[in-house]
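Report on the structure given below.
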Amino acid sequence: MARLLDVLRERLELTGTKEGCGEGECGACTVLLEGRPVLSCLVPLVQCAEREIQTVEGLADSVPSFFEQFVATGGVQCGACTPGIVVTAAALLVESPKPTRDEVQKALAGNLCRCTGYEGIIRALIEEAGR
Amino acid sequence: MLFGATVRSPIPHARIDTIRWQPEKAPAGAFCLTALDLPGPNGVLLLNDDWPILADNEVRHVGEPVALVAAASRLDARRALAAVEVEYTPLDSVLDLSEADPENPLAVIQLEHGDVERALGASDVVVEGEYRTGHQEHIYIECQAMTAWYEPDGALVVKGSMQCPYYVHKALVHALELPPERVRAEATVVGGGFGGKEDYPSLIALHAALLAKATGRPVRIAYDRHEDIVGTTKRHPSVIRHVTGIDEQGQLMAMDVDLLLDGGSYTTLTPVVLSRAALHAGGVYRCPNVRIRARALRTNTATNGAFRGFGAPEAEFAVERQMDRVARAMGLDPLEIRLRNVLEEGDELPTGQVLDDTTSARLCLEKAAALTDFRRRWSELEEERRQRADGEPMRGLGLSAFFHGAGFTGNGERRMRSPVKVALREDGRIEVFTAMIDMGQGSAVVFPQIACEAGGLTEDDLVFAEPDTARVPDSGPTVASRTTMVIGRVLAEAIAETVELVQAWWRGTKDLEEDLTVAEGAVQSPDGSSWTWREVAASYVKEKGSLEVSRRYEPPAWQQLDEETYQGVAYPTYGWGADVVEVEVDPDTLEVKAQKVTAVCEVGKAIHPTLCAGQIEGGTLQAVSWGLMEEVKMEEGRYLNDRLATYIIPTIGDSPEIEVHLLEQPYEGGPFGAKGVGELPMDGGAPAALAAVENATGIWADEIPATPERLTAWQEAGDVVESIAGEATKRSSSED
């Protein structure tokens with residue numbers, strides 16, 4: 001049974017989506033399935049039939065300013081967690097265009113980052129919402 | 001391409017009796033390799049080469065590699081592991097420092113400044129404390145991975161996640177007995193390092209290369225998280241004992257420090273970790289008599305290696321908590337004891353180094369205290385704790401002051417004299433060659449900034465070569481907070497020299513009398529003529545041929561450390577910091593929530609303030625969580641929590657708000673005044689977090705992580721602050 005993550009990375013060569021733990025703990029492999037964040041390491045391909053999947057590559061094409069914001073506020077360091085974080089954050093902004101710090105923390109609670117201390121990520125979202 | 005996998009020891013210490021490869025039980029075409037198949041010496045060359053590539057007759061820790069397999073897919077490789085049968089005879093094992101043999105250390109360092117015995121005898125109060133820290137896992141989000149192949153001309157190439165391409169290169173040259181020019185190590189973009197990709201990539205690169213050599217095919221090895229936790233290096237656990245003598249004014253008279261690190265089973269980088277630990281063991285305090293005895297002992301646990309801070313966080317955790325203990329004993333608050341003893345310009349470190357005017361411990365302390373209204377709030381929370389009824393929420397505030405020596409310790413930079421090469425290309429752009437990698441710290445941003453500023457160029461005038469040992473010189477590893485300060489400086493010099501040579505030539509060809517200026521990518525003469533840098537440089541190459549400039553780092557002549565006595569100058573400069581951590585503790589469970597950290601750091605010059613603050617933010621969180629929650633749990637040498645579900649690092653929801661304040665006291669040896677900054681924030685978060693728990697609960701916390709289980713045990717055992725104050729009074733009255 002193929003994992004969505006492997007199909008994206010190996011068959012479609014969309015390597016923006018990262019594997020951090022392979023068991024649904026770190027959030028690095030998050031993609032949007034019908035607009036909702038899912039962990040692609042836990043999604044069997046069969047669940048994706050006829051459904052829309054958006055990865056970080058798609059997001060980069062549609063909202064490049066969002067990425068610039070992450071860079072400007074220090075929301076990116078090594079970048080390994082970043083694809084999962086930006087797709088999750090994009091889904092949050094659809095639901096809540098001006099999120100509070102608390103909402104950001106709830107929405108991103110499943111995405112581990114070891115570099116930033118999360119402050120830059122929070123700044124990116126609060127400031128993006130203020131634009 | 002084939003996929004490699006690793007057979008690992010399940011036993012902490014054992015003799016290997018047989019290794020049996022049963023190809024009939026493995027997927028078709030699978031391959032197996034053991035220590036018997038190695039073409040050269042069985043050692044990963046780092047400081048020495050006692051770390052086996054594959055265990056030979058004996059395994060010395062759980063997770064030690066015993067055999068390698070390769071197969072057509074990742075899954076097949078995993079299946080092939082089951083076809084390797086290993087028989088072991090278990091041997092006695094040493095599972096922590098309390099069981100380790102002090103007579104057979106991995107490394108020893110002793111230094112003494114003044115006369116500690118006499119000063120302790122003459123002190124008005126003597127305070128003793130013992131502090132413990134545990135393993136810490138790096139948890140970079142990208143696990144270790146490496147691919148190896150042979151080029152048609154027979155050259156070996158490895159490509160993967162690494163901080164130090166030349167460490168990998170040297171290890172391959174050594175173990176495969178190849179000429180250096182036949183080996184290439186190429187670093188990919190690194191998904192987090194924190195020291196974890198300093199030493200270990202040499203081993204995984206060797207594994208991939210050996211399989212590639214044996215099978216004649218490219219081989220990729222990529223660890224999953226479980227294997228990354230079980231197999232790779234960790235922060236050294238420590239046990240550090242302090243005996244401190246104080247006079248009645250609260251001035252330090254003597255510090256006697258006995259520092260033990262758990263070195264694990266092999267040398268790796270332990271002696272230099274121990275060295276940095278010893279050199280930071282006295283903390284940021286002036287003390288005329290200091291003795292530091294530091295030893296790293298062998299155990300049958302993980303190969304402990306590099307981790308952000310490199311021994312300094314362990315040493316500074318102990319000395320900071322000891323200062324809090326001294327404060328309790330003397331009846332002073334944590335700020336007062338520090339202000340009375342903090343190092344200032346002209347003071348001496350235990351090495352005898354006289355500190356210069358970039359010594360900012362007091363500046364950081366006073367700023368952090370002012371920003372948080374520390375003294376008033378700390379005292380109020382002390383009072384609140386004494387008055388508090390059961391079940392009320394417990395809040396606390398803790399302080400730490402810390403420093404970090406930037407660049408390699410002692411004479412390391414002098415031995416390296418790290419080079420940077422720059423070369424003019426035909427299109428007039430300058431190509432920069434260094435071995436430094438960006439693992440998130442931002443050298444890919446900061447280096448262009450430095451080069452533009454040094455040369456009057458724009459980023460479009462520059463190209464940075466990928467860190468590939470076939471193309472870049474050995475400018476040393478991306479470690480030790482040295483990238484910006486050391487290599488950034490050499491880069492600035494090399495660029496300035498190149499620009500000067502080119503503009504002087506241009507002036508000559510144009511018959512101009514006066515010097516030209518180069519600014520923002522334009523070459524301008526005083527008469528108003530102007531050319532782009534690239535057209536000028538391209539003409540140079542067309543007329544004169546290519547231009548290459550190599551510069552090497554020359555450490556200050558006065559940075560000399562006597563490696564026997566540990567007297568001299570260990571670091572040319574230090575970053576300084578002070579943290580105030582605010583916590584709330586659940587009165588029923590003693591679960592600690594860090595709510596806010598105010599981090600004040602003096603960094604020389606913040607070349608890129610956002611990235612610089614990002615280093616402080618990330619390092620501070622890593623330090624606070626090391627202090628409060630991160631724990632590698634072992635039973636009989638086996639890992640109990642080898643997954644992200646069980647080895648807990650902070651989520652965005654667990655994380656405190658981190659407020660960073662950057663201060664600048666330029667260091668003339670760094671580019672534009674910059675000091676190294678990457679490791680500094682790792683030194684202060686843990687002791688400040690535990691001090692805050694103490695302020696909130698009254699529990700004396702001297703071991704990290706301070707989990708609810710430990711705090712409960714200490715509370716039940718009566719380890720509370722009142723007992724420390726009593727202890728000091730008793731001591732002074734018994735001497736009367």
Side-chain angles (χ1 to χ4, degrees), chain A residues 1-3 5-6 9-10 15-16 18-30 39 41 69-85 88-89 92 101-125 127, chain B residues 73-74 137-143 145 161 189-194 196 222 224-226 228-229 438-442 445 597 599 608-625 643-660 681 685:
Chain A
M1 187 171 60
R3 303 185 300 174
L5 173 64
D6 296 330
R9 285 184 56 87
E10 287 160 25
T15 53
K18 306 298 181 197
E19 176 164 2
C21 68
E23 55 187 25
E25 288 292 335
C26 76
C29 68
T30 309
L39 299 165
C41 73
Q69 197 61 44
F70 269 81
V71 172
T73 58
V76 180
Q77 285 188 29
C78 83
C81 73
T82 309
I85 289 197
T88 309
L92 167 68
R101 190 178 171 103
D102 195 45
E103 283 175 311
V104 171
Q105 287 182 308
K106 283 203 170 70
L108 288 172
N111 293 79
L112 295 178
C113 168
R114 190 58 153 170
C115 294
T116 62
Y118 300 106
E119 284 296 331
I121 294 165
I122 294 170
R123 280 194 297 269
L125 278 171
E127 285 173 29
Chain B
S73 70
R74 228 172 140 163
E137 257 301 323
H138 301 89
I139 313 288
Y140 28 69
I141 298 299
E142 171 210 50
C143 292
S161 193
V189 173
V190 174
F194 317 112
D224 64 14
R225 182 60 63 181
H226 156 81
D228 200 292
I229 292 178
D438 195 330
M439 53 183 152
Q441 88 281 30
V445 175
V597 184
H608 189 299
T610 302
L611 290 177
C612 185
Q615 284 299 297
I616 311 282
E617 288 163 349
T620 299
L621 181 59
Q622 225 167 33
V624 169
S625 67
R643 305 163 54 190
L644 289 184
T646 48
Y647 183 87
I648 305 297
I649 66 164
T651 69
I652 197 169
D654 304 316
S655 299
E657 180 189 347
I658 302 169
E659 188 181 298
V660 173

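Throughout, a chain's letter reflects where its sequence line sits, starting with A, and its residues are numbered from 1. These numbers were taken from a predicted model, which means no experiment stands behind them.
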Do [X] and [Y] make a side-chain contact, defined as non-hydrogen atoms from C-beta onward lying under 4.5 Å apart?
X	Y	result
B/I139	B/D228	no
B/F194	A/C115	yes
B/S655	B/E617	no

Counting heavy-atom pairs under 4.5 Å with chain B, which one of A/A109, A/G120, A/G74, A/A28 comes out on top?
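So the answer, after comparing A/A109, A/G120, A/G74, A/A28, is A/A109.
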
Top of A/K18, A/Q77, A/R123 for chain B proximity - count of heavy-atom pairs under 4.5 angstrom:
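That would be A/Q77.
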
Please answer whether the main-chain N or O of A/T15 pairs with a side-chain N or O of A/R9 as donor and acceptor at a distance below 3.5 Å.
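Here the side-chain-to-backbone pair exists.
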
At a heavy-atom separation under 4.5 Å, does [X] approach chain A through its side chain, its backbone, both, or neither?
X	answer
B/P656	backbone
B/T620	neither
B/H138	backbone
B/I141	both
B/E659	neither

Choice from B/G653, B/G614, B/G440 maximising heavy atom contacts with chain A below 4.5 Å:
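Of the options given, most contacts go to B/G440.
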
Contact class of A/T73 relative to chain B, heavy atoms under 4.5 angstrom
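When you check distances to chain B, only backbone atoms of A/T73 fall under 4.5 Å.
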
Just jot down the salt bridge (charged side-chain N to carboxylate O under 4.0 Å, His left out) partners of A/R3, sequence neighbours excluded, or say none.
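With neighbours one apart ignored, the set is A/D6, A/E19.
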
Side chain to side chain donor-acceptor pair (under 3.5 Å) against B/E142, all qualifying residues, sequence neighbours excluded
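If we apply the side chain to side chain donor-acceptor pair (under 3.5 Å) test to B/E142, skipping adjacent residues, the hits are B/S161, B/K197.
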
Regarding A/E23 and B/R225, does a basic nitrogen lie under 4.0 Å from an acidic carboxylate oxygen?
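Here A/E23 does not pair with B/R225 in a salt bridge, since their nearest N and O are not under 4.0 Å apart.
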
